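Input: a single structure, listed below in C-alpha cells.
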Amino acid sequence: MSFLDELKTKILIADGAMGTLLYSHGVDRCFEELNLSKPEDVLRVHKSYIEAGANIIQTNTYGANFIKLSRYGLEDDIRQINKRAVELAKQAAGNSTYVIGTMGGVRTFKKSAHSLDEIKRNFREQLFILLNEDIDGLILETFYDFEEIQTVLQIARKETDKPIIANVSLHDTGVLQDGTPLADGFKTLETLGADIVGLNCHFGPHHMIQSLEDVPLLEKAYLSVYPNSSLPTFEEDELVYKSDEKYFAESALKFREQGVRLIGGCCGTTPAHIKAMAAAVANLSPVTEKEVKPHKSPVSVSSAKQAEYTPLEEIVQKRHSVIVELDPPKKLNGMEKFLQGAEALQQAGIDALTLADNSLASPRVGNVAAGMLAKERANLRSLIHITCRDRNLIGLQSHLMGLHALGLSDVLAITGDPSKIGDFPGATSVYDLSSFDLISLIKQFNEGVSYSGKSLGEKTNFSVAAAFNPNVRHLDKAVLRLEKKIQCGADYFISQPLYSSEQIVDVYNETRDLKAPIYIGIMPLTSSRNAEFIHNEIPGIKLSDSIREKMALAGNDKEKARQEGIAIAKSLIDTAFDLFNGIYLITPFLQYDITVELTNYIHEKEKQLAERKITHV
Ligand SMILES: Cc1cc2nc3c(=O)[nH]c(=O)nc-3n(C[C@H](O)[C@H](O)[C@H](O)COP(=O)(O)OP(=O)(O)OC[C@H]3O[C@@H](n4cnc5c(N)ncnc54)[C@H](O)[C@@H]3O)c2cc1C
Ligand SMILES: [Zn+2]
C-alpha cells in the first residue's frame with residue numbers, strides 16, 4: 001500500500017527538520033556527508049521522529065546534489081551519500097514507516113546563477129540514484145523558484161510512478177517569488193503530475209495558514225505543509241528558532257481545517273513539535289470540504305505621477321543636450337564647493353547633473369543627498385547613478401522607492417566599479433543583480449510591480465540610462481551589450497570618456513542603427529600626470545601620442561595644462577557635436593569651472609548652428 005492510499009482517509013504525520021536539528025547538536029558542516037562519516041547521528045534523528053509519531057520520514061539528501069555537494073568538494077561522493085541515506089532511513093523505518101527521498105531546490109531569487117540546463121543535469125543525477133533505491137516516494141522541497149520546480153517535477157514525473165510531493169516555499173503570504181498566487185501555483189503543479197502539493201520552509205504556521213485560506217481543495221492532489229518552527233533570529237552569530245510545541249498542536253488543527261493531509265516540519269522543528277502535532281490530529285479524519293476565502297482582489301496600481309521633466313532621451317533626440325557629472329565630495333567639508341559647482345553649472349544651462357554612486361568604489365557623500373541638495377539649492381535636475389555593488393536586492397528596491405518618493409526620476413543603472421580598486425579593497429561587493437537585471441527591475445517599477453511581482457501601489461516614471469564602454473578591444477561586442485540593455489529597457493546610453501576623434505567616428509559608425517540615443521563622454525585632462533595615469537592605468541583607454549605630447553609640453557604649469565586640457569576637450573567636442581546630440585561632460589576633481597567653460601562652448605556652437613540654419617533658409 002502506498003501512503004497515497006492512506007491519505008484517502010487519513011491525516012499523516014511527517015518528520016521535522018534534519019538540518020537544523022543536526023546543527024543544534026553541534027554539526028556545522030555538510031549535513032548530507034554525515035550519512036557516510038557519522039551514520040549513527042542521522043539514524044538517531046530518524047528514530048527520534050518516528051518515536052514522535054511520524055508516519056513518513058525523508059532521507060538525509062536535501063542538498064545531496066552536484067551543485068551543493070561541490071561546495072564541500074564532495075561531488076564525487078553523490079552516489080554513496082544518497083545510497084547510504086536511503087539505507088539509514090530504511091533501517092530506522094522498518095516496515096511501519098514510509099521513506100521518501102528528498103531533493104532540494106537550488107535557485108534562490110537569482111535565476112541567472114543556475115541555468116535551467118544546469119538545474120536539469122543536477123537534478124537528473126540525484127534522481128536516478130534515489131530511484132534506484134527502495135524508496136516509497138519523492139519529496140521536492142524548498143523551491144522558491146517556480147520555474148525550477150515545474151522543470152524538475154516534469155522530469156521526475158516522466159521517470160517514476162511513485163508518489164511525488166512538490167513543496168514550494170512562499171515569497172510572501174499567498175504568493176510565490178514570481179508573483180504567482182499560491183492557488184494557481186498548486187493547480188499548475190497538480191497538472192504537471194504532483195500527487196501532493198504543499199509548502200515548506202521560509203515561514204512558520206502563521207503565514208502558511210493565512211496563505212492556504214484562499215486555496216481550494218484540489219481535484220486530485222492532496223495538500224502538505226512543513227512549516228518552520230518560527231521566524232529565525234540571530235543570537236551570538238547563530239540562527240535560532242523559537243520553539244513552542246503547544247502552538248504547533250493548535251496549528252496542526254488549523255492546517256487540518258485548511259484541508260491539509262500531510263503535516264511535517266521544516267527548519268527549527270524538533271521531535272517535540274512533531275509529537276505535539278501527531279497527538280493533536282490523532283483521532284481526526286481529513287476535511288473533505290472547505291470554505292475558501294475569496295481571492296484578495298489585486299491591489300490596483302495607480303498610474304505614474306506626471307513627470308517633473310521631459311525625459312532626457314526625448315530631449316536629446318530633438319536638440320543638443322549637455323549633462324555634466326559632478327561627483328559628490330569625498331570629504332564632508334567639500335559640500336559647499338560641490339553646491340557652488342552645481343549652481344555654476346545650472347547657470348551655464350546644463351540639462352542635468354549626473355551624480356556618481358561611490359565611483360571608483362570609494363565612499364563619497366551619498367548621491368541622493370547631494371542630488372537633492374543640488375535640486376533645492378540650484379534648481380538642478382539630478383541624474384542618480386545606481387550601482388549593483390553596494391546594495392542587495394532589498395536595498396536596491398528600497399532605494400528606487402525612495403528616489404520615486406523624492407521625485408528623482410533620472411537614473412543610470414550600472415554594475416559599479418569593483419571594490420578592489422577603491423579605498424576598501426576587502427569590502428564585499430553585493431552584485432545580487434547585474435546591470436541588465438537592474439535595468440529590467442527599474443522598468444518593472446515603471447509598471448508598478450516589484451521584483452517579485454507584487455504591486456507597488458503606484459507606477460514610477462524612471463527614465464533609465466545605461467553605461468556604454470567603448471574602450472574595449474571589440475567595439476561590436478560592446479554594441480551587442482547595448483542592444484541587450486535596450487531589450488531590458490534602457491532608454492539611452494552614457495559613455496565612458498573618449499579621447500580621440502577617430503574613436504568617436506568609429507563609435508558613431510558602429511552605433512548609428514541603435515534604437516537609443518547616446519551621450520558621448522568627454523573628460524578634460526588636467527595635467528600630464530593625469531593624462532599618463534589615464535593612458536597607462538585605466539583599462540581600455542589609450543591617449544594619442546599627440547595628446548600626451550601636448551599635455552607633457554605644458555609641464556608643471558598648471559594653468560597651461562588646464563588650457564591644453566580644455567583645448568583637447570573642445571576639439572573632441574567638435575567631432576562629437578557633428579555626430580551626436582548628447583554630450584556628457586565629466587568634471588575632473590570638482591574643477592567645475594572647466595565643465596562650465598565646455599558647456600558654454602557647446603551652447604555657443606549650437607547657437608552658431610541655429611544661425612547658420614536661419615541664414616540657409
Ligand atoms: C557613464 C558611466 C558612469 C559610471 N558611474 C559609475 C558610478 O557612479 N559608480 C561606479 O562604481 N562605477 C561607475 N561606472 C563604472 C561602471 O560601473 C563600470 O565601468 C562597469 O564595469 C561598466 O559599466 P556597466 O556597469 O554597465 O557594466 P556592464 O555592461 O554591466 O558590464 C559588466 C561586466 O561585463 C564586462 N564587460 C562589459 N563590456 C564588455 C565587453 N564588450 N566584453 C567583455 N566584457 C565586457 C565589464 O567589464 C563588467 O565586468 C560608470 C561607468 C559609466 C560608463
Ligand atoms: Zn527549512
Side-chain angles (χ1 to χ4, degrees), residues 301-326 342 345-346 349-357 367-368 370-372 374-375 378-388 391 396-416 433-451 456 458-468 481-495 511 514-521 580-586:
V301 180
S302 50
S303 46
K305 280 189 224 147
Q306 184 72 32
E308 207 172 323
Y309 306 103
T310 308
L312 286 169
E313 66 271 19
E314 282 180 28
I315 292 178
V316 76
Q317 265 156 358
K318 292 190 192 125
R319 62 162 171 84
H320 280 92
S321 166
V322 186
I323 57 176
V324 179
E325 180 168 325
L326 183 70
L345 288 162
Q346 197 273 341
I350 63 169
D351 287 310
L353 187 74
T354 92
L355 295 112
D357 189 7
N367 60 354
V368 176
M372 273 316 278
K375 196 175 167 192
N379 194 23
L380 253 181
R381 174 175 187 165
S382 295
L383 189 161
I384 307 294
H385 300 198
I386 308 176
T387 70
C388 302
R391 293 174 202 88
L396 278 173
Q397 295 190 80
S398 114
H399 191 50
L400 290 172
M401 288 194 269
L403 289 170
H404 176 71
L406 290 171
L408 295 169
S409 53
D410 295 293
V411 292
L412 168 68
I414 40 179
T415 304
L433 300 186
S434 67
S435 62
F436 299 122
D437 301 329
L438 179 57
I439 295 165
S440 305
L441 173 68
I442 301 173
K443 278 306 167 93
Q444 205 167 307
F445 267 52
N446 280 358
E447 296 303 314
V449 179
S450 77
Y451 186 84
L456 291 164
E458 189 169 296
K459 293 180 180 177
T460 58
N461 47 22
F462 289 113
S463 148
V464 187
F468 170 28
R481 287 183 81 81
L482 300 191
E483 276 165 5
K484 194 170 164 201
K485 287 179 180 180
I486 292 175
Q487 279 168 19
C488 293
D491 295 309
Y492 64 104
F493 295 102
I494 308 181
S495 92
T511 61
L514 215 61
K515 289 193 174 54
I518 301 174
Y519 280 86
I520 292 294
F580 295 90
N581 267 354
I583 309 279
Y584 160 58
L585 300 174
I586 301 145

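Side-chain atoms are counted along with the backbone in the values below, which use heavy atoms only and exclude waters and symmetry mates. All figures in this text were calculated on a predicted structure; none of them were measured in a lab.
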Check your understanding: Can you list the steps and then say if V368 with H399 is a side-chain contact (heavy atoms from CB on, under 4.5 Å)?
Key -> CA-CA 9 Å; V368 176; H399 191 50; 3.4 Å; yes
Revision key, fill the gap. For L355 and L353 the tightest heavy-atom approach is CD1-O, 3.7 Å
Practice item. Would you check, one step at a time, whether the test side-chain contact (heavy atoms from CB on, under 4.5 Å) holds for I386 with L403? Key: CA-CA 11 Å; I386 308 176; L403 289 170; 3.7 Å; yes
Point to revise | Sub-4.5 Å side-chain heavy-atom contact between Y492 and S463 | key: yes
Check your understanding: Does some side-chain heavy atom of K375 sit less than 4.5 Å from a side-chain heavy atom of L380?
Key -> no
Review point. How long is the gap from CG on L482 to CD1 on I486, to the nearest 0.5 Å?
Key: 6.5 Å
Review point. Has the side chain of E458 got a donor or acceptor atom that lies under 3.5 Å from a matching backbone atom of S302?
Key: no
Review point. CG of L326 to CG of L585: how many Å apart, nearest 0.5 Å?
Key: 11.5 Å
**Study point:** Point-to-point distance, once rounded to the nearest 0.5 Å, from NZ of K318 to OG1 of T310
**Key:** 6.5 Å
Point to revise | Any side-chain heavy-atom pair of R319 and D351 under 4.5 Å | key: yes
**Study point:** Over-ring placement of K484 relative to F436, 6.0 Å and 45° cut-offs
**Key:** yes
**Study point:** Minimum side-chain heavy-atom gap T460-L400 below 4.5 Å
**Key:** no
**Study point:** Considering all heavy atoms, the nearest T387-R391 contact
**Key:** O-NH1, 3.8 Å
Check your understanding: Judged by atom type as modelled, is there a donor-acceptor pair below 3.5 Å linking the side chain of N367 to the main-chain atoms of I384?
Key -> no
**Study point:** Verdict with supporting geometry, E325 and L412, side-chain contact (heavy atoms from CB on, under 4.5 Å)
**Key:** CA-CA 12 Å; E325 180 168 325; L412 168 68; over 6 Å; no
Point to revise | Residue pair D410 / I323, side-chain heavy-atom distance below 4.5 Å | key: no
Check your understanding: Where do F493 and T511 land on the side-chain contact (heavy atoms from CB on, under 4.5 Å) test, with the steps shown first?
Key -> CA-CA 11 Å; F493 295 102; T511 61; over 6 Å; no
Check your understanding: NZ/K515 to CD/E483 distance, rounded to the nearest 0.5 angstrom?
Key -> 8.0 Å
Revision key, fill the gap. Sequence neighbours excluded, the answer for salt bridge (charged side-chain N to carboxylate O under 4.0 Å, His left out) partners of E314 is none
Point to revise | Nearest atoms (heavy-atom pairs only) where Y451 meets Q444 | key: O-NE2, 3.6 Å
Exercise for review: With sequence neighbours excluded, tell me which residues meet salt bridge (charged side-chain N to carboxylate O under 4.0 Å, His left out) with D491.
Suggested key: K443
Review point. Cut-off 3.5 Å, side chains only: do S434 and D437 have a donor facing an acceptor?
Key: yes
Check your understanding: Does the side chain of L456 come within less than 4.5 Å of H404's, by heavy atoms?
Key -> no
Review point. Which value, rounded to the nearest 0.5 Å, describes the distance between F445 atom CZ and Q397 atom CD?
Key: 4.5 Å
Point to revise | Any side-chain heavy-atom pair of S409 and E308 under 4.5 Å | key: no
**Study point:** Closest non-hydrogen atom pair between P517 and Q317, with its separation
**Key:** CD-NE2, 3.6 Å
Exercise for review: State, yes or no, whether a side-chain contact exists between L312 and Y519 at a heavy-atom distance under 4.5 Å.
Suggested key: yes
Exercise for review: Output yes when a side-chain donor or acceptor of S382 lies under 3.5 Å from a complementary backbone atom of G371, and no otherwise.
Suggested key: yes
Exercise for review: Grab the two heavy atoms, one from G489 and one from I439, that are nearest each other, plus how far apart they are.
Suggested key: C-CG2, 3.7 Å
Check your understanding: Nearest heavy-atom pair of K485 and S435: which atoms, and what distance?
Key -> CE-OG, 3.7 Å
Point to revise | Distance in Å, L396 CG paired with C388 SG, rounded so as to fall on 0.5 Å steps | key: 6.0 Å
